[in-house]
Amino acid sequence: MSSTRTTETNGAEPTYKRRRTQRSPSPQYKLDDDDTYEPYISVAQRKQAKLAKLTSWGAGSDKDKANKLKEEEEERQDEEREEERRKERARKERTLLMEAQEVHERKAVEDSKKTETEKAEEHDAEILAAIASRRKLASDLELAQGVQYTEPVKTSWRPPRFIRERTSEQHRRLREKYHIIVEGDDIPPPIENFTDMKVPEPLIKFLKSKRITKPTPIQLQGIPTAFAGRDMIGIAFTGSGKTLAFCLPLVMVALEEESKLPFVRGEGPVGVVLCPSRELATQTYENVLQWTASIAKEGKYPQLNTLLCIGGISMNDQSHVMNKGLHIVVATPGRLIDMLEKKRFTFDHCKYLCMDEADRMIDLGFEDDVRNIMSFFKHQRQTLLFSATMPRKIQDFAQLSLVKPILVNVGRAGAANLDVLQVVEYVKQEAKMVYLLECLQKTPPPVIIFSENKNEVDDIQEYLLLKGVEAVAIHGSKTQEERQYAIKSFKSGAKDVMVASSVASKGLDFNDIQHVIIFSMPKEIEDYVHQIGRTGRSGKTGIATTFVNMNTPEQTLLDLKYLLMEAGQKVPPFLTSIEDPRAAQGGSLTGCPVCGGLGHGISNCPKLEDTQRRQMASHRVSDDRGGY
Ligand code: AMP
């Protein structure tokens, strides 16, 4: 472009005139065509526009319709994805700390609304949940492989036809008659005599010679249950005949196996009975020996071989048994694990496991040993747990480990034997020894005196010997020989009095004990039940005298008070006057679900405390295995 400037001067400022000359044409910008910008249209508007188009098309082609629908679907999915992303962003912005704070604040508000009782109940529930979450009683291999048995073991035993034909109402009435409580599916019928149970004739004869003519309630229901191959939890008070109830089924299984194919060296056992103490194991072993010998006596049935497997004895003494096929093992956990680890025998064909005093086994330190023992089984086994006391929560735990178990309960678990007259006396600490002598006059011998403390056991024995009383003593620090001597001489009647710590209180069967004197009241009410259960056995009556004084914890006295009330015994005035603190707080008085004691709740259960203490100790002392 070019321009010529001309100047006009008439005294004014010069002006410039612009002159248009040829000018190249302005470029034509095609704004509309080249601009790719699209104004924002909201999703909702787009959707509406599409919908309008679709409806205006009316009968457009099917293909078009399908395309439109597809587009729509994609759009919807886009929207969903966008929504997800938005949520995710929001979630990330909320820190964990904020969440924790909110939970805390919410809990604080809820807590402020709760009463003390509700809080205590919640606390108890937490403890119970912790107990329930303990691992199942099964081998680590089974746990790892997730092996779970769902059907009970099969056996060839059937009740006689006339019993099978009875109605369930008839079974119920029979159970009611003998105060038997059962729980479980397809419960075998109760049977009122050994012949109908199909017990071998020679054994029936032998039992008769021991004045055992009719099954006791636990046998009446427990033996058919075990004969039928069912897993079982048997609860019966001490002296109710449970040893026969769990040994007889094992004897029958062993007889059947031996008859099919005789056992040779290195084979067996068919079953094992586990006991928490050497004494109890020895006693059970002696019973089994008698029963198996009586069965084989007439030559109609084969001889079964039984091994006692406990600490403190030389296993070489039983090499004559080990050199033959092995049918039954009666054991304490420690020595049994030792033998299994050394492969002195195996559980490759073991089908039957019974735990006597099973509650002790499970909850007092043997749990890991029992799990270890389980790991040696190669196949499903029939499992029986027997005890005089088994609180509900321990039962629940045990039930986890059994296959369709049947619970047979004869008398309330933990309730004391009603054949024992329970006398509780207030005796000052310093007067106990002298009063003990007076107390011994109440009945003729044999008498058992229990004390919680080993030194006290020794002191009492020494005092009695000085006073001319024929007394023996037994406690955990005595050697195996000393313990065996004490049991033998007391059982045979050579000695009149046995002074014992809780070792001897569990399960031991001494005949005709007239009087049990509890010199120091145990902290756990279950131990008291076991101790007084040494008398009043096999339907006979006995006396139990218990010394208490201001050293006895109030909670223990309260447990005792409730137990006496429950058993319909006389409650002395000093016990009656003890108030239950839970009643004052308006709390529930249902008793402790761990130990069964009625005088306290779970949060101050002495047994639970003791269990925890033992577990801590067992973590420290890893090599302390098996029978006391
Ligand atoms: P247990 O509860 O197994 O320790 O047995 C306690 C005592 O009861 C033992 O002395 C047995 O001999 C005895 N006993 C077992 N079964 C019977 C029965 N059916 N009738 C009478 N006494 C029995």
Side-chain angles (χ1 to χ4, degrees), residues 177-180 190-197 199-200 203-227 232-251 273-294 330 354-360 384-390 408-411 413 415-420 446 448 487 490-493 504-514 516 529-542:
K177 177 176 162 194
Y178 292 100
H179 308 287
I180 302 167
I191 301 181
E192 275 181 301
N193 65 65
F194 292 120
T195 313
D196 291 342
M197 288 180 192
V199 172
L203 181 59
I204 294 181
K205 256 197 226 162
F206 174 79
L207 292 176
K208 256 191 199 137
S209 75
K210 298 279 172 191
R211 287 183 309 205
I212 298 177
T213 48
K214 261 178 95 265
T216 61
I218 188 69
Q219 293 166 353
L220 204 129
Q221 179 66 66
I223 293 177
T225 303
F227 276 2
M232 164 175 166
I233 300 173
I235 301 171
F237 54 78
T238 49
S240 59
K242 57 195 163 84
T243 315
L244 185 69
F246 61 72
C247 286
L248 190 54
L250 172 53
V251 169
V273 178
L274 262 185
C275 306
S277 75
R278 293 168 185 178
E279 284 76 15
L280 190 54
T282 309
Q283 184 181 287
T284 304
Y285 165 75
E286 283 165 1
N287 274 323
V288 175
L289 280 192
Q290 284 188 3
W291 296 330
T292 50
S294 73
V330 184
C354 176
M355 288 194 246
D356 194 9
E357 306 295 353
D359 53 341
R360 292 263 137 179
L384 292 92
L385 309 180
F386 268 82
S387 185
T389 54
M390 197 177 288
V408 182
N409 188 342
V410 182
N417 181 349
L418 300 181
D419 292 334
V420 181
I448 297 188
I487 291 175
F490 184 61
K491 266 192 173 177
S492 68
S505 71
K506 302 284 293 181
L508 286 187
D509 179 29
F510 299 114
N511 281 332
D512 304 330
I513 299 288
Q514 302 292 317
V516 168
V529 173
H530 280 286
Q531 289 176 6
I532 65 167
R534 299 309 96 207
T535 183
R537 294 168 82 81
S538 318
K540 298 185 191 99
T541 50

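No hydrogens, no waters, no symmetry mates; every other heavy atom, side chains included, goes into these values. Keep in mind the model is a prediction, meaning the values are calculated, not measured. Each ligand, and each atom within it, is numbered from 1 in the order the structure gives.
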**OP:** Select the closest option to atom 16 (N) of ligand 1 among Lys242, Lys210, Gln283, Gln219, judged by heavy-atom distance.
**Re:** Gln219

Subject >> N or O contact, Gly241 vs ligand 1, cut-off under 3.5 Å >> reply: yes

Subject >> Proximal candidate to atom 1 (P) of ligand 1 [heavy atom criterion; set Thr284, Thr243, Asp512] >> reply: Thr243

Original post:
Atoms of ligand 1 less than 4.0 Å from Lys214 heavy atoms?
Top reply: 18 (C), 19 (N), 20 (N)

Subject >> ring pair (Phe, Tyr, Trp, His ring centres under 6.0 Å) partners of Tyr285, counting only residues at least two apart >> reply: none

Subject >> Side-chain donor-acceptor contact under 3.5 Å, Ser294 with Gln290 >> reply: no

Original post:
Between Gln531 (side chain) and Val516 (backbone), is there a donor-acceptor pair under 3.5 Å?
Top reply: no

**OP:** List for me each residue that meets salt bridge (Lys or Arg N to Asp or Glu O under 4.0 Å) alongside Lys177, sequence neighbours excluded, and say none if there are none.
**Re:** Glu192

